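To start, the structure under review is shown below, and the notes come after it.
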Amino acid sequence: MPLIHIKKSWEIPEREITPEKVYVNRRRFMKNLIGTGISFTALSTLTSCAENSKKSPTYEAVNLPKISNFTPNYNFAKLESSITDEALGTKYNNFYEFGGTKSIWKNAQALPTENWQVEVTGLVKNSRIYDIDELQKRFPLEERIYRFRCVEAWAMVIPWLGFPMKLLMADVEPTSKAKYVRFTSFYDPQITKGPGFWASDYPWPYTEGLRIDEMANELAFFAMGMYGKLLPKQNGAPLREVIPWKYGFKGAKSIVKIEFLEQRPATFWNTLIPNEYGFEANVNPEVPHPRWSQATERIVSEGASWSWEKRPTLLYNGYQEYVTDLYKTY
Ligand SMILES: Nc1nc2c(c(=O)[nH]1)N[C@H]1C(S)=C(S)[C@@H](COP(=O)(O)O)O[C@H]1N2
Ligand SMILES: [Mo]
């Protein structure tokens, strides 16, 4: 294997791909700093100090209870790609409530998951509040292996345990007026505040949304576990969305509320930077992010991200056959 990788002209240098938050971060810093006399160098020192001083609660992921009662459903597995190593899938995260880096798994252990409830409300016949155990009993778990693609151009393959969203829809019965759904993540500024101060004026809580027909698609999934175990907190315990044909930010973590609505809801990233994070956000190699190409993706692996293997991005992340009908224009 050649050690020197010669860049093709269409390849965007990795350093130009900044994470979802950094751009806003910088812009807001700029805004806040005008007239304060604080330099950017001072600022980056501050941020890294905050990072270093974070608490280190014991990581319990390896001891998380195993789930034995599930049905394997590998109909949607794309077997040409291998499953991401569990240590990477559970320790390389985006969960901005707990900080602005990929290494938030320790901070996320502060998420209080006991006695969790999920409120389902809005334009439904049976508005109700589910205890998490009840959800588990009511909707039998399936294991599905899905490709996962972040808008930041990294990719994984995850074995999720969960149930199709359409089962929950059948339970609450959205009315004919319901055209959209909004998912709201847990938020308590005392607990979820990240190690920096950069995100304090973001439009919390984290919210995401789908069209009702997208939610009813057989791929749209609620995960309660991964790698055969209960979901780790950093991956969005105890309940998160998984929408494999869309960019990862569409999948709200640690859901406390699900609302059926007539109008398209405002969502977290779309409110923050509408021209970079659209509401639809379908994976598409031909639609570049305004600051980088989406033509290729990197497979999350051990070692430095620049060394990760690159492969072409697939339209709808490879799930074209299941979802094209949703986006046909007549
Ligand atoms: N509540 C909440 N949900 C979230 C996020 C977040 O910051 N907060 N990040 C999103 C993004 S950008 C991605 S890529 C995925 C990451 O999921 P993972 O950490 O399980 O890989 O979660 C999504 N859901
Ligand atoms: Mo993401």
Side-chain angles (χ1 to χ4, degrees), residues 17-25 61 83-108 110-111 113 118 146-162 182-189 191-196 198-199 202-210 221-227 229-244 246-258 267-273 276-278 281 283 289 291-292 294 297-300 313 317:
I17 302 190
T18 41
E20 278 141 328
K21 55 106 188 171
V22 170
Y23 178 69
V24 209
N25 187 5
I83 292 174
T84 302
D85 190 74
E86 183 180 352
L88 293 166
T90 59
K91 287 186 183 162
Y92 184 88
N93 302 101
N94 272 336
F95 204 165
Y96 291 98
E97 288 88 331
F98 294 101
T101 71
K102 295 286 175 285
S103 321
I104 51 69
W105 60 268
K106 283 182 187 167
N107 290 3
L111 181 78
T113 49
V118 182
Y146 278 163
R147 291 159 56 92
F148 183 91
R149 173 63 153 79
C150 173
V151 73
E152 296 161 355
W154 51 265
M156 299 190 190
V157 178
I158 305 286
W160 300 105
L161 290 162
R182 171 167 57 198
F183 305 92
T184 305
S185 295
F186 175 87
Y187 180 66
D188 175 344
I191 297 170
T192 56
K193 204 161 45 188
W198 52 269
Y202 279 20
W204 305 114
Y206 195 99
T207 47
E208 255 312 329
L210 295 170
F221 205 57
F222 283 118
M224 303 187 79
M226 67 198 292
Y227 295 97
K229 299 172 194 162
L230 274 185
L231 213 53
K233 294 184 179 187
Q234 64 271 24
N235 293 93
L239 183 79
R240 72 174 286 172
E241 302 175 67
V242 181
I243 310 294
K246 292 179 181 282
Y247 291 118
F249 72 87
K250 292 299 293 180
K253 293 178 166 183
S254 307
I255 296 169
V256 293
K257 200 191 221 180
I258 300 169
T267 52
F268 183 82
W269 288 109
N270 189 244
T271 303
L272 208 49
I273 328 177
E276 301 197 0
Y277 307 110
V283 175
H289 183 280
R291 292 179 284 129
W292 60 82
Q294 292 290 21
E297 60 195 22
R298 282 199 185 273
I299 305 171
V300 175
T313 301
N317 203 22

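Keep in mind it's a predicted model, so treat the numbers as computed, not measured. Quick note: numbers below take in every heavy atom, side chains included, and nothing from hydrogens, waters or symmetry partners. Order of appearance sets the numbers: ligands from 1, and atoms from 1 within every ligand.
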Find all atoms of ligand 1 within a distance of less than 4.0 Å from any non-hydrogen atom belonging to [X], and give their numbers and elements.
X: R240; value: 15 (C), 17 (O), 18 (P), 20 (O), 22 (O)
X: N235; value: 18 (P), 20 (O)
X: C150; value: 14 (S)
X: F95; value: 1 (N), 2 (C), 6 (C), 7 (O), 8 (N)

| message | Could you work out, for atom 4 (C) of ligand 1, the closest of F249, Y206, F148, W269 by heavy-atom distance? | response |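 Answer by nearest heavy atom: Y206.
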
| said: Could you measure the distance from the CG atom of N235 to the NZ atom of K253? Nearest 0.5 Å is fine. | reply: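 The distance works out to 5.5 Å.
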
| said: I need the T313 OG1 to R147 CZ distance, nearest 0.5 Å. | reply: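 Here the interatomic distance stands at 8.5 Å.
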
| Pairing of E152 and K102 as salt bridge, 4.0 angstrom limit |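 Salt bridge present between E152 and K102.
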
| message | Using a strict threshold of under 4.0 Å (side-chain N to carboxylate O), is an ion pair present between E208 and K246? | response |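 So K246 does not pair with E208 through a salt bridge.
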
| message | I'd like to check whether Y96 has a polar contact with ligand 1, where a contact means an N/O of the residue lying under 3.5 Å from an N/O of the ligand. | response |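 N/O-N/O distance below 3.5 Å exists for this pair.
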
| query | Looking at the rings of Y202 and Y96, which for Trp means the six-membered one, are their centres under 6.0 Å apart? | reply |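 Y202 vs Y96: aromatic centres not under 6.0 Å.
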
| field | Heavy atom of S254, distance to ligand 1 below 4.0 Å | value |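 Checking ligand 1 against S254, which is what was asked, there is no heavy-atom contact under 4.0 Å.
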
| task | Using the six-membered ring wherever Trp is involved, compare the ring planes of F222 and F183 and label them parallel, tilted or perpendicular (cut-offs 30° and 60°). | result |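 The rings of F222 and F183 stand perpendicular, inter-plane angle above 60°.
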
